[in-house]
Amino acid sequence: MTETSAPSSEAAPTRDYSATLNLPETEFPMRAGLPQKEPQLLARWDEMQLYKRLRETSKGREKFVLHDGPPYANGHLHIGHALNKILKDLITRSRQMMGYDSNYVPGWDCHGLPIEWKVEEEYRAKGKNKDEVPINELRRECRAYAQKWIGIQAEEFRRLGVEGDFANPYTTMDFFSEAVIAGELLKFAVSGQLYRGSKPVMWSVVEKTALAEAEVEYQDYQSDTIWVKFPVTREFGGNTTWLDRIQERSRQLSKIGPDAAIEHNESLAGASVVIWTTTPWTIPGNRAVSYSKKIAYGLYKVTEAPEDNWVKVGDRLILADALAEGVFKQAKVVAFERRRTVTAEELSSIRCGHPLQNLGYTFDVPMLAGDHVTDDTGTGFVHTAPSHGREDFEVWMDHAHELTSRGIDTTIPFPVDDDGFYTKDAPGFEGKRVLTDKGEKGDANQAVIDALAAAGRMVARGRLKHTYPHSWRSKKPVIFRNTPQWFVYMDRSVDGLTLRDKALAAIDSTDFYPPAGQTRLRSMIENRPDWVLSRQRAWGVPIAVFRNVETGQLLPGPQFDRNDDYAARLKEAFEAEGADAWFADGAKERFLAGFVDNMDHWEQVRDILDVWFDSGSTHEFVLKHRPDLKWPADVYLEGSDQHRGWFHSSLLESCGVNGRAPYNAVVTHGFTMAEDGRKMSKSLGNQVLPQDVIKQSGADILRLWVASTDYWEDQRIGKKILDSNSDAYRKIRNTIRWMLGTLKHYDGTVVAYADLPELEKAMLHKLAEVGVDVVEGYTTYDFKRSFASVLNFMNIDLSAFYFDIRKDALYCDPKSSIKRKASLYVVAQLFDALVKWLAPLIPFTAEEAWLDRNPGEGVSVHLELFPAIPAEWTNPDLAAKWDKVKKVRRAVTGALEIERREKRIGSSLEAAPAVYVEDADLLAALDGLDFAEICITSQIEVTGSASPEGAFRLEDGTPVGVVPKLAVGKKCARSWRILPEVGTDPAYPDVSLRDAAALRELGL
RNA sequence: UGGCCUGUAGCUCAGGUGGUUAGAGCACACGCCUGAUAAGCGUGAGGUCAGUGGUUCGAGUCCACUUAGGCCAACCA
């Protein structure tokens, strides 16, 4: 650095040339003020009827339909709603700009419990009792409640920038929708897929209603526990007799030793299987005892016990070995002995009698193997009352076929009624009560215990404090009780295939994003039991069928010959009055008249449909009936929880009726976690609310978060994450702003591709590459790919490279400069493409930028298509060449950084490095280029010779050496470059020749 | 407890069929510029790829287990 002279700084400050430069000029603010700006843009879109214009401009194009999974019309939006709707909007907007008619019709799910609750709550506040309100009045209030929230949520969705037919959304409570939903159910009835069965449900005696799992909370509760003997009745299972089995067993064991043989000879006859339960009142409902094949059992004999004890000396009990001692302790048994092992095989062959045989419970009680049995607590045997427990029910149903073949009646009784009283299905206890109106323990437990004691079947009793289900509302305990329900067969063949077959086939022909969704949905369909459709509720679409109480025949149904007439009558009524028609006075006569001889034989089903059937039918009443949509949908998108929900019910509904899925593809998103990766919750105070983000930063920031995240998995959100999205946003905005300012000087001149400088061609190539990436990202619903591609391009290729280099030509070159014209043309192309690609991601900002450049009424970037990239822009050879140029450039900037650190230079324009390119290929890449311009130095010297000792080299082994030197000459007062030529034009002594020419053109 | 899924720098993400010192952007630190200025440019420091064990000449990439977390289902009879 010694041979060169320092730039002359003595020259007196001449004039301010900045006014002669083409500096960026723009009103586009650096700071967005999105929270204020976004509502203005929304108002403009409203005013210009953007949605309508979108439909008009895309009329006749191929349709792309994302069918909206309806949110529940209740409550303000949370972050999950925002994620969901923004993702949907990214899809519909990007498809629209890809050239489809991509129409989005939002919908709402309106029926169901939560709304019924809210209305009920309002009643209670007013001191009204739900049961005294006529059902259709309740339904009217539910409808109004839903309507209110639809309005609120619609506004909140729109504020997120979601575009769609918000003026005509669909709802499940429209009269038309209700008519279709009811009609769909009829199709299941007519085709013989619907049947009446029964199932135990959670029931609140206090509220006289069935409760969903979500309505139940587990609280501590003091239960009466009892240990009860089930006498082995010496019945034999299968073809072998009891004695045969014992003798066979003895023969096997005699091989082990004579003692064992003797021990195992002892018969189980007269012994008892002992169960333990916390619900004595379920004993009348007992139909079986469950055991586990994994538990070791033994036959025990009581050898010492108090005189007045329930368990007497000589009693022989079968118990799990792990629990026997505890049971005897509880039973106050002083001493006992283990007589022998009882195998699972033996257990499977015995039958017991009911402990209350003496009261008329004379049926056999079979032993059932079940995985739910453990030997942690109890006795190792589980009292099984299919009327009163989910697992009891399941075990019973799993064995139903086998039990029937053994001559056991598998009918599930109804021992407890709506009010908690025993029925005639509980002989000897009729009128006793399990729970009172107030939710307190009734007299049932004590009656059962007394009866058991009287029958000599009690082993012990106790109390246990444990968690027990309580009603969410009344905080009172609930019970499980068998109730009649309506089901759809999963495994009954209809036209050769079962519903399960059809659903599985449909899953195989559906695309899943991510692919794991397919396995998940598949395994659910493979394993699920029959579909329970009925709910004992008020706010929903009724199962609008009649049942013959004598014969069980259904109307409509396979045996009824005027199904179409019935369906037509129902449809007409529901379309006119809604499903309320079913609950109005005289409905039975109205719908049945003319179809049956004796109306008294027919009962009107008052159950309503599970809301999943409602939403599972949206494809019927939305996609099939709106001419602006199509069936099946291209895509359904929801959270991954909807494998169990909407994807599932839509699949079953459509397969049952149409034989195929209502969608071609399923996209799922994960759940949004707090910043630490844990679940958000009110109590932890780590919630992020979309309303807050919008208020503080704007919807575009929230959208950027959605676009940057890997939504297939769970995502995180929090202050830090939102901040970094704001940073990314600011970078994008400023780059756009610079383009807008620069393009103020662009007169629209198109420069032919062939006339463009290499640098411009290289940028267009990169733009073409990015375009492929962006569109591919959008096509595969991989938005982070589109976003990252655009963001990286703007940061790395444009802001830090192309724009930085071209500022000199754009600001300083004469108006006539070809280079400048070419650059302006390319910047215009860049702006056009980038803003369009960004439009689905940040619709507000993209629109703001678009309008700044293309002002006018009725103008919107959202009416545009993604740019068609000319094939000639793709130029991989040139791109490869410029990769080499950049490689050499990196060596130069690296060298300059040292100079800067050593305070020998400040601006790179103060430098004039000597560059020794020791690789012919790299050297050739620089041929014909103004490498000083590319490195933003004032001068540069490039040679192919070996670099001298001490030259700067990159650590990565790039064969380039750089010897930094200071630029020679005077600093041009206009362009700030340091050149020897400065001063050679007498008319403009303080500027370079290029700048002199520019000034001359300006006539200055 | 079962089904499905996830864990790569402080943050968000890349890392075809296993193969040279694991990448990018942002944030951070330092410096430059002051004609994108509550902006722009450059350089740098950050990773035992959740952990352990295995398969292999070789594993972020394959297998098993463990651990942390998520969704769904179940659950104390």
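To find a chain, count down the sequence lines: A is the first, B the second, and so on, and within it residues start at 1.
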Less than 4.0 angstrom between a side-chain N/O of A/Thr519 and OP1 or OP2 of B/C4, yes or no? no
Under 4.0 angstrom, heavy atoms only, what part of the nucleic acid is A/Ser708 near: base, sugar-phosphate, or nothing? sugar-phosphate
Any base atoms under 4.0 Å from A/Ala800, or only sugar-phosphate, or nothing? Heavy atoms, all strands. sugar-phosphate
- prompt: Between A/Trp738 and B/A39, do the rings stack, that is, sit under 5.5 Å apart with planes less than 30° off each other?
  reply: no
Whole-Å distance, A/Lys731 NZ to B/U37 P, equals 13 Å
The Watson-Crick or G-U wobble partner of B/G23, with both key distances under 3.5 Å, is B/C13
*asked:* Does B/G35 have OP1 or OP2 under 4.0 Å away from a side-chain N or O of A/Arg974?
replied: no
To the nearest angstrom, the CG-P distance between A/Asp956 and B/U21 comes to 15 Å
Closest to the 5' end of RNA chain B, once A/Met524 and A/Thr735 are matched to their nearest nucleotides, is A/Thr735
B/G46 glycosidic conformation (syn if within 90° of 0, otherwise anti) is syn
Notebook entry, point to check: Do the side-chain N and O atoms of A/Asp710 and A/Gln715 include a donor-acceptor pair separated by under 3.5 angstrom?
Noted result: no
Check your understanding: Hey, does A/Gly741 reach any base, or is it just sugar-phosphate, or nothing, if we go heavy atoms under 4.0 Å?
Key -> nothing
Worksheet item: Counting any heavy atom closer than 4.0 Å, what does A/Lys903 reach on the DNA or RNA strands: base, sugar-phosphate only, or nothing?
Response: sugar-phosphate
Please classify the nucleic acid contact of A/Ala728 as base, sugar-phosphate, or nothing, using heavy-atom distances under 4.0 Å. nothing
May I ask you to decide whether A/Asp808 forms a salt bridge with A/Arg806, counting only side-chain N to carboxylate O separations under 4.0 Å? no
Do A/Lys784 and A/Thr709 have side-chain N/O donor and acceptor atoms under 3.5 Å apart?
no
| Tell me, do A/Ile507 and A/Phe512 make a side-chain contact under 4.5 Å, heavy atoms counted? | yes
Rounded to whole Å, CD of A/Gln715 lies from P of B/C71 at a distance of 12 Å
Can you tell me if A/Thr709 touches the phosphate of B/C13, counting only side-chain N or O atoms and a distance under 4.0 Å to OP1 or OP2? yes
Practice item. Could you tell me whether A/Phe803 and A/Trp738 have their ring centroids closer than 6.0 angstrom? Key: yes
Is it the case that the side chains of A/Arg461 and A/Thr225 hold a donor-acceptor pair, with the cut-off being a distance below 3.5 Å and no angle test? no
How would you label the contact of A/Arg522 with the nucleic acid (heavy atoms, under 4.0 Å): base, sugar-phosphate, or nothing? nothing
Self-check item: Touch class at under 4.0 angstrom, heavy-atom based, for A/Glu897 against every strand present
Solution: base
* Asked: What about A/Thr384, does its side chain sit under 3.5 Å from the base of B/A77 through a donor-acceptor pair?
  -> no
### Query
Any side-chain N or O of A/Tyr729 less than 4.0 Å from the OP1 or OP2 oxygen of B/C26?
no
Next on the checklist: Just to be sure I understand the rule, does A/Asn734 reach a base, reach only the sugar-phosphate, or reach nothing, if contact means heavy atoms closer than 4.0 Å?
Outcome noted: base
Review point. Less than 3.5 Å between a donor and an acceptor, one on the side chain of A/Arg644 and one on the base of B/A73, is that the case here?
Key: no
Rounded to whole Å, the CZ-P distance (A/Arg31 to B/U37) equals 14 Å
Taken to the nearest whole Å, CZ/A/Arg806 to C1'/B/G40 is 18 Å
pair_partner(B/G2), Watson-Crick or wobble, both distances < 3.5 Å, evaluates to B/C72
May I ask you to say what A/Lys679 touches in the nucleic acid, namely base, sugar-phosphate or nothing, with a heavy-atom cut-off under 4.0 Å?
sugar-phosphate
Here the distance between atom P of B/G42 and atom CD1 of A/Ile936, to the nearest Å, is 8 Å
Atom NZ of A/Lys720 and atom C1' of B/A27 are separated, to the nearest Å, by 7 Å
field: Nearest-Å distance once atom P is located in both B/U66 and B/G23
entry: 34 Å
Give A/Trp976 one of three labels, base, sugar-phosphate or nothing, depending on what nucleic acid heavy atoms sit under 4.0 Å from its own. base
Q. When you check the phosphate oxygens OP1 and OP2 of B/G42, does a side-chain N or O of A/Arg900 lie under 4.0 Å from one of them?
A. no
To the nearest angstrom, the CD-C1' distance between A/Glu526 and B/C72 comes to 16 Å
Any base atoms under 4.0 Å from A/Ile275, or only sugar-phosphate, or nothing? Heavy atoms, all strands.
nothing
With heavy atoms under 4.0 Å as the rule, sort A/Met739 into base, sugar-phosphate or nothing.
nothing
The answer to which of A/Asp714 and A/Pro469 contacts RNA chain B further toward the 5' end, by nearest nucleotide, is A/Asp714
Q.
Need one value for A/Gly670: base, sugar-phosphate or nothing, where a base atom within 4.0 Å counts as base even if backbone is also close, heavy atoms only.
A. nothing
Value for CG (A/Asn482) from CZ (A/Phe393), rounded to nearest 0.5 Å, stands at 7.0 Å
| said: Taking A/Lys199 first and then A/Asp530, would you say they form a salt bridge - that is, a charged N and a carboxylate O separated by under 4.0 Å? | reply: no
Scanning all shown strands, the Watson-Crick or wobble mate of B/G7 with both distances under 3.5 Å is B/U67
Practice problem: Check every strand shown and say whether A/His643 touches a base, only sugar-phosphate, or nothing at a heavy-atom separation below 4.0 Å. | Solution: nothing
Checking N1-N3 plus N6-O4 or O6-N4 for Watson-Crick, or N1-O2 and O6-N3 for wobble, each under 3.5 Å, the partner of B/G35 is none
pair_partner(B/G44), Watson-Crick or wobble, both distances < 3.5 Å, evaluates to B/C28
